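Each remark here refers to the structure printed beneath this line.
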Amino acid sequence: MERKVELGIIGGGIAGLSAAVYAKRSGLESVIFEGTAIGGQLLLMDSIDNYVGLGLGTKAREVLINLQSMVSGLDLEVISKTVNDVKVNKEGLSLNAEGLNYLTKGLIIASGAKFKRLGVKGEGDFIGKGVSYCAVCDGFFFKGKDVAVIGGGNNAVEEALYLSDIANKVFLIHRRDKLRALSYLQKDLFSRKNIEILFNSRVKEVKGSEAVESINIEDTNTGQNKTLPLQGVFIAIGVGPSTDIFKDLVSRDEDGFIVTDENLKTNLEQVWACGDCRKRPLRQLITAASEGAIAAISAYRHIKGRYISS
Ligand code: NAP
């Protein structure tokens with residue numbers, strides 16, 4: 001049995017939900033496929049300071065509550081399944097979501113991104129036993145302990161700042177001699193007494209028995225190795241797109257991000273992409289929300305064959 005809907009939206013983060021809201025308001029019949037939980041990266045965030053109009057220090061959990069009430073208030077249909085396969089055929093797109101089959105006229109991919117792994121010895125063995133990719137989720141377990149954050153971008157610095165209020169000591173370990181993070185974050189970082197920044201340092205191994213006990217790091221200038229005793233390692237070296245299942249469907253760049261035009265259309269007429277899964281210059285909540293809206297209106301124009309001015 002195949003259920004017919006006008007539009008499928010893959011992903012229930014900000015981009016996918018924004019697309020669903022705009023699709024609903026334009027009268028498109030759509031379903032959102034979300035295999036885990038509504039909210040995407042908001043689930044991993046603490047507060048939001050840069051979404052104009054939301055107010056400084058807005059708590060991510062408050063935004064999540066608002067999203068939930070929007071889903072129920074607008075009667076958006078969320079299918080709690082992961083789409084495993086998408087095929088193009090004469091009638092449209094066939095989607096398989098854990099055994100359920102759908103036929104849609106259009107598809108918006110808003111599948112987001114996932115945390116990158118360092119790929120060093122011990123990392124995989126200690127996930128959940130001291131290795132984490134989310135300070136807001138796991139920081140609590142390291143109260144009064146010594147931890148390291150790996151990376152030099154906004155995420156790494158935000159994680160280090162968050163952890164410095166919980167942990168005894170935070171090492172920020174970066175492979176180069178300059179941070180990528182925004183200057184206001186760096187200023188806060190340098191002012192914290194319990195954060196030590198180790199530049200030009202590369203993690204070689206995460207070690208322990210039952211849980212993490214230390215890491216080995218190499219000085220990239222001298223080649224010397226040293227051991228840092230600690231209990232937690234937070235890896236914040238960026239995100240990679242969750243687009244593997246679309247590799248034979250749409251064009252992607254060399255890093256796997258989906259390539260679109262300015263209307264967010266992919267190389268296929270009936271498929272659009274928005275948010276972190278898409279090749280774009282800025283990955284923020286606010287850009288994800290605006291892209292979801294653009295993708296939905298592009299889908300509306302294509303599916304209904306009507307033009308609405310914006
Ligand atoms: P990012 O900006 O891409 O930074 C990744 C960091 O990890 C870089 O410092 C990079 O080093 C390092 N790195 C990458 N691969 C590594 C490896 N194999 N070993 C060691 N270090 C490695 O990623 P992000 O910080 O996760 O942020 C993702 C996006 O979200 C960015 O666009 C960011 O601006 C945005 N964001 C914004 C905010 C905010 O505005 N408040 C907060 C969080 C995230 P190099 O510098 O040497 O390349």
Side-chain angles (χ1 to χ4, degrees), residues 13-15 39-60 63 110 112-124 131-137 139 148-164 170-190 195 197-206 215-221 225 228 233-243 253-257 274-291:
I14 282 286
Q41 296 204 23
L42 267 174
L43 294 161
L44 307 174
M45 293 169 76
D46 178 41
S47 57
I48 302 155
D49 278 337
N50 53 5
Y51 198 117
V52 65
L54 271 192
L56 291 175
T58 299
K59 289 290 171 198
V63 180
K114 52 185 179 297
F115 296 111
K116 283 187 191 160
R117 295 249 187 133
L118 258 184
V120 298
K121 198 170 165 203
E123 178 184 12
V131 169
S132 168
Y133 299 82
C134 174
V136 176
C137 318
V149 176
I150 322 300
N154 283 327
N155 259 336
V157 173
E158 283 191 342
E159 301 243 310
L161 292 171
Y162 181 84
L163 288 164
S164 86
V170 180
F171 296 96
L172 181 78
I173 299 173
H174 184 36
R175 63 184 178 183
R176 286 191 299 130
D177 61 352
K178 277 190 192 64
L179 299 170
R180 230 177 239 279
L182 292 165
S183 60
Y184 83 95
L185 288 173
Q186 293 199 33
K187 203 171 154 203
D188 197 357
L189 182 83
F190 292 124
I195 297 181
I197 305 166
L198 302 175
F199 285 111
N200 301 312
S201 301
R202 205 178 270 281
V203 177
K204 304 285 282 185
E205 187 178 351
V206 180
I215 54 173
N216 274 354
I217 55 171
E218 180 191 57
D219 183 316
T220 58
N221 287 331
N225 286 287
L228 280 183
V233 186
F234 289 81
I235 297 164
I237 60 166
V239 289
S242 303
T243 60
D253 72 1
E254 61 282 5
D255 297 317
F257 292 97
C274 55
D276 280 1
C277 65
R278 184 180 90 87
K279 180 178 165 69
R280 61 187 186 139
L282 184 63
R283 296 199 165 81
Q284 296 281 301
L285 285 179
I286 200 158
T287 51
S290 63
E291 289 178 18

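Being a predicted model, the structure only gives us computed values, none of them experimental. Basis for what follows: all heavy atoms, side chains included, without hydrogens, waters or symmetry-related copies. Each ligand, and each atom within it, is numbered from 1 in the order the structure gives. FYI, the numbering just counts along the sequence from 1.
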Sidechain-backbone polar pair: [X] side chain, [Y] backbone, donor-acceptor under 3.5 Å:
| X | Y | value |
| --- | --- | --- |
| Glu159 | Asn155 | no |
| Gln186 | Ala181 | yes |
| Glu291 | Gly275 | yes |
| Asp219 | Asn225 | no |

Under the side chain to side chain donor-acceptor pair (under 3.5 Å) test, which residues partner Gln41, sequence neighbours left out? Asp276
The side chain to side chain donor-acceptor pair (under 3.5 Å) partners of Thr287 (sequence neighbours excluded) come to Arg280
Going by the atom numbers of ligand 1, which of them fall below 4.0 Å from some non-hydrogen atom of Asn50? 39 (C), 40 (O), 41 (N)
Which of the atoms of ligand 1 are close to Arg283, meaning less than 4.0 Å from one of its heavy atoms? 30 (O), 35 (C)
Any protein heavy atom under 4.0 Å from atom 8 (C) of ligand 1? yes
Of the protein's non-hydrogen atoms, which lies at the shortest distance from [atom], and what is that distance?
| atom | answer |
| --- | --- |
| atom 19 (N) of ligand 1 | Leu118 CD2, 3.5 Å |
| atom 14 (C) of ligand 1 | Ile237 O, 3.4 Å |
| atom 27 (O) of ligand 1 | Asn155 ND2, 3.8 Å |
| atom 23 (O) of ligand 1 | Gly238 CA, 3.5 Å |
| atom 33 (C) of ligand 1 | Asn154 ND2, 3.6 Å |
| atom 17 (C) of ligand 1 | Arg175 NH1, 3.4 Å |
| atom 1 (P) of ligand 1 | Arg180 CD, 4.3 Å |
| atom 47 (O) of ligand 1 | Arg176 NE, 2.7 Å |

Between Val149 and the options Leu161, Ile173, Leu163, Val157, the side-chain contact (heavy atoms from CB on, under 4.5 Å) test singles out Leu163
So is [X] close enough to ligand 1, meaning a heavy atom under 4.0 angstrom away?
| X | value |
| --- | --- |
| Ile150 | no |
| His174 | yes |
| Gln284 | yes |

Evaluate Lys178 for polar contact with ligand 1, using N/O atom pairs at a separation under 3.5 Å. no
Is there side-chain contact between Arg117 and Tyr133, with heavy atoms separated by less than 4.5 Å? yes
Does Arg283 make a cation-pi contact with Phe257 (under 6.0 Å, within 45 degrees of the axis)? yes
So Phe199 and His174, would you call those rings parallel, tilted or perpendicular, with 30° and 60° as cut-offs? perpendicular
